[in-house]
Amino acid sequence: MDVNVKLKENLQIRAFYLFFIIVTIQVGVGIMGAPMYIFVEARQDSWVSIIIALLYILMVLFVMLLILNSYENADIFGIQVDIFGKWIGKILGTIYIVYFIFTFFSVLVTYIEVIQIFIFPKISPFFLGILLLLLVIYSIVGGIRVIVGVSFTFFVLSHWLLFLLYEPALRMDLTHFQPVFDASIIELLNGAKATSYTFMGFEILFIIYPYIQNKKQAKFPVYFGVFWSAMIVFIATVVAIGYFSPQQLEQLEWSVLSLFKIVTFPFIERFDYVVIAEWMMVALPTLILLMWGITRGVKRVYNIRQKTTLYIVSVLFLFGCSFITYHHVIINLISNVADVGFWLVYVYPFFLLPIIYVKKKWRQKQKESGKKS
Amino acid sequence: MIKRIIIILFLVFSLSGCVQSKTIERLGIINTRGVDLRDDNEIEATMVIYKFDLETKNISEIITGTGHTVKDARENANLKTGIQLASGQINLELYGVEVAEQGLMRQIDTLVRDARVSDTMLLAVGNPTASEIINTSEKNVGTNVGQYLHDIIQQNIKTDVLSRVTLQDFMHMYYDAGHDPFLPTITITEQKPTITALALFKNDKLVGQIPIEKAYQIAIFNKKIKSVALEFPIPTKPFEKYMKKDDYNDIDSDTFYALFTALKGTSKTKMTDVKNLHYQTDITLKLSLHELTKEINVKGPEVIKLLEKQVEKEITHQYEELLTKLKKLNSDPFGYGSIYRTNKADGKLKKSEWHDKFPDIEVDFNVNVKIIRHGTIP
């Protein structure tokens, strides 16, 4: 397999769209429960944790871009093969694919469970799985441009939900934030770590980067995209902490969705139902981008056609999601994905970068000594 | 193209069948629910439901059921009707005094756990029992009891007689350590349901009540009050020289009454001494004079000043009285405990800890009244 990717001009996208890709893949189902997980660790200083997490992610992205820019036009699969050789490189690539598969699965079952809890308690997950996967398949078959288009459209179509937070925001109790800076450094870092599942997804950059037309301008949309999603999580968490009592928030599984329960309009009294349905527009781009990551990865590593993987994996997902019944299975799945993802997404790039530099130097030396002899 | 449209239409019609359907004619939409405790410790739920059946004339109907839990009581009530009861539109939940005295969290648990129940529903206490309130109201009010009961509470929240008492507010006050919840009490007076008192809770247990006229004293801690009517007794003596001439001779009582509406009322509390639990609460009220039971010439700033001072004295007195009562009940609807918590070094407070401390707090009430309008006559 080639380290660098050759792509036709018409398959490439402008760097500007990276912003929408990063935001839509990051903000998915994770944010629905995020405030509780952060709050349990960092209490009233959770907002500091989110800022710490943002700074750390910016650092990770900086490193990721350095890695990607040290090659001409490569993605993570090619880079790993180049650095570690064919076998280890492919195994590492497979780990990435498996990680994407489990992330996809966790998003799918979480959203299905939310629909079951909030709207249709008796609906079969099989049916919801069909609906969601059909849409995912439809977009993937359309190709990279459709995928980017979907994430752009749903970004625009779902962001108005933020305005609805004004109602709970007005009812915030500011004493919930006092005393400020009470949490220890360890607690703050634990809080930052608790955001890892919510903020995951920006590793798609490792895969989509070869598709960028104007790579020089890629930095700003990427950083700004992460900043944007961090801001959304920040707002949601601050409102949730102010609105719910500490003890209440600790027990609340989908705290962000519960925030919308107070929103009523004269023409529709239970607006939270609309919000849950609307949340499909938040979850769907995440699913589509993750699925694209899976199919693209399989194609790069094993050279299997993307459509073949798409159909096979979709069928597996469909059966998988209908067999998950217990809530704690889903929670376990999420926390496992978060644990593995933490190392793969947040730590691994820092190890990869020095190896790449060392190898580059070593190659240069070999070239020079080769010339000499 | 036509093929695609056919496929889409096929999907639209066939997929919508996969979701469970609820036909509105077959549903009983619960609008108000009353929860009482029976002698054998079972829960009796009295529900006002809406039916949208063409054949019946009355759209609202009352049904009851019993069981060990509220949900169980609902299922029991379901046995008595041919329709399915749905709880997504409960606007008001009434608790009998006895249930409230035993603690409401057990009943509220079902409301919180169920994602289909709205957070904006109102809670209230029915004195003596919820079923009596609902049944008597239905006889005397006639149509649509549920909405009627909901509206009298909503109306009083709007006019600032009460603070907001939604499910979310109750939960918020219950879960915040150092803040005890309160709910309005509905009683039957002259055959009609009336809000007569504010029920005070210690944790989730009802411990006492104060008359509804004094509820503004608590409401002012939670929001700006803007339109509530306030009546104060005022001693006659200082005003003797401002009495209108023709009225001068019949000073028969030593107090008269003045009625105001609040144009703006705010409160601010700070802790002056954390260790000894000293607080200072500033209450600022801008009032508009509406009625006096004695004719007093309120022309001139000195009369207004005097009146302001007397009202201030009265309000301070009322607050001190209220605080003594609350200390005795050990219920803190003001949220002094929350302020204590934020001033504490580690920012942690347990409910029981605050209830040990609350009877020892001291508060300086600093009331500042401004009468800025007095109608068209001086």
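Note on naming: letters A, B, ... go to the chains in the order of the sequence lines (proteins, then strands), and numbering restarts at 1 for each one.
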Check your understanding: If only atom types and distance count, is the side chain of A:Q44 paired as donor or acceptor with the main-chain N or O of A:V180 below 3.5 Å?
Key -> no
Revision key, fill the gap. All heavy atoms of B:N91 vs all of B:H150, minimum pair found to be O-CD2, 3.4 Å
Review point. Could B:K202 and B:D180 be called an ion pair, given the rule that one side-chain N must be under 4.0 Å from one carboxylate O?
Key: no
**Study point:** pair A:W279-A:L161: side-chain heavy atoms closer than 4.5 Å
**Key:** yes
Exercise for review: Please check if atom CZ in A:R145 has more than 12 non-hydrogen atoms from other residues, nucleotides or ligands closer than 6.0 Å.
Suggested key: yes
Practice item. Against chain B, label A:T264 side chain, backbone, both or neither, depending on which of its atoms sit under 4.5 Å from a heavy atom there. Key: side chain
Practice item. With a 4.5 angstrom heavy-atom cut-off, could you sort out which part of A:I119 is near chain B: side chain, backbone, both or neither? Key: backbone
Check your understanding: Given B:L326, which of B:I361, B:D332, B:L200 fulfils the side chain to side chain contact (heavy atoms under 4.5 Å, CB included) condition?
Key -> B:L200
**Study point:** Qualifying residue for salt bridge (charged side-chain N to carboxylate O under 4.0 Å, His left out) with B:D160, from B:K264, B:K223, B:K226
**Key:** B:K223
Practice item. May I ask you to check whether over 12 heavy atoms, not counting those of A:F265, lie within 6.0 Å of atom CZ? Key: yes
Check your understanding: Is it the side chain or the backbone of A:F177 that comes within 4.5 Å of chain B heavy atoms, both, or neither?
Key -> neither
**Study point:** Part of B:N343 lying under 4.5 Å from any heavy atom of chain A
**Key:** neither
Review point. Okay, side chain of B:Y175, backbone of A:F244: is any donor-acceptor separation there less than 3.5 Å?
Key: no
Exercise for review: Quick one: which of A:I276, A:D272, A:D173 has the most heavy-atom pairs under 4.5 Å with chain B, could you say?
Suggested key: A:D173
Check your understanding: Which bit of B:N222 comes within less than 4.5 Å of chain A, counting heavy atoms only: side chain, backbone, both or neither?
Key -> neither
Revision key, fill the gap. Pair count under 4.5 Å, heavy atoms only, with chain B: among A:Q248, A:E269, A:Q178, A:K122, highest is A:Q248
Practice item. Go through the atoms of A:F120 and report whether side chain, backbone, both or neither lie under 4.5 Å from a heavy atom of chain B. Key: both
Let me have the donor-acceptor pairs involving side chains of residues 315-323 of chain A, under 3.5 Å, with sequence neighbours excluded, atom names and distances please.
{"residue": "A:S322", "atom": "OG", "partner": "A:L318", "partner atom": "O", "Å": "2.8"}
{"residue": "A:S322", "atom": "OG", "partner": "A:F319", "partner atom": "O", "Å": "3.1"}

Check your understanding: So which residues of residues 110-117 of chain A are in contact with chain B at a heavy-atom cut-off of under 4.5 Å?
Key -> A:Q116, A:I117
Study note, to complete from the structure: The interface call for B:K344 against chain A, heavy-atom contacts under 4.5 Å, is backbone
Revision key, fill the gap. So, the part of A:S124 with a heavy atom under 4.5 Å from chain B: the answer is neither
Check your understanding: Below 4.0 angstrom, N of the basic side chain to O of the carboxylate: do B:E75 and B:K71 qualify?
Key -> no
**Study point:** Residue, of A:D182, A:L249, A:L252, that accumulates the most heavy atom pairs under 4.5 Å with chain B
**Key:** A:D182
**Study point:** Per-residue contact mode, A:E253 against chain B (heavy atom under 4.5 angstrom)
**Key:** neither
Point to revise | Qualifying residue for side chain to side chain contact (heavy atoms under 4.5 Å, CB included) with A:I235, from A:I232, A:V239, A:V233, A:V238 | key: A:V239
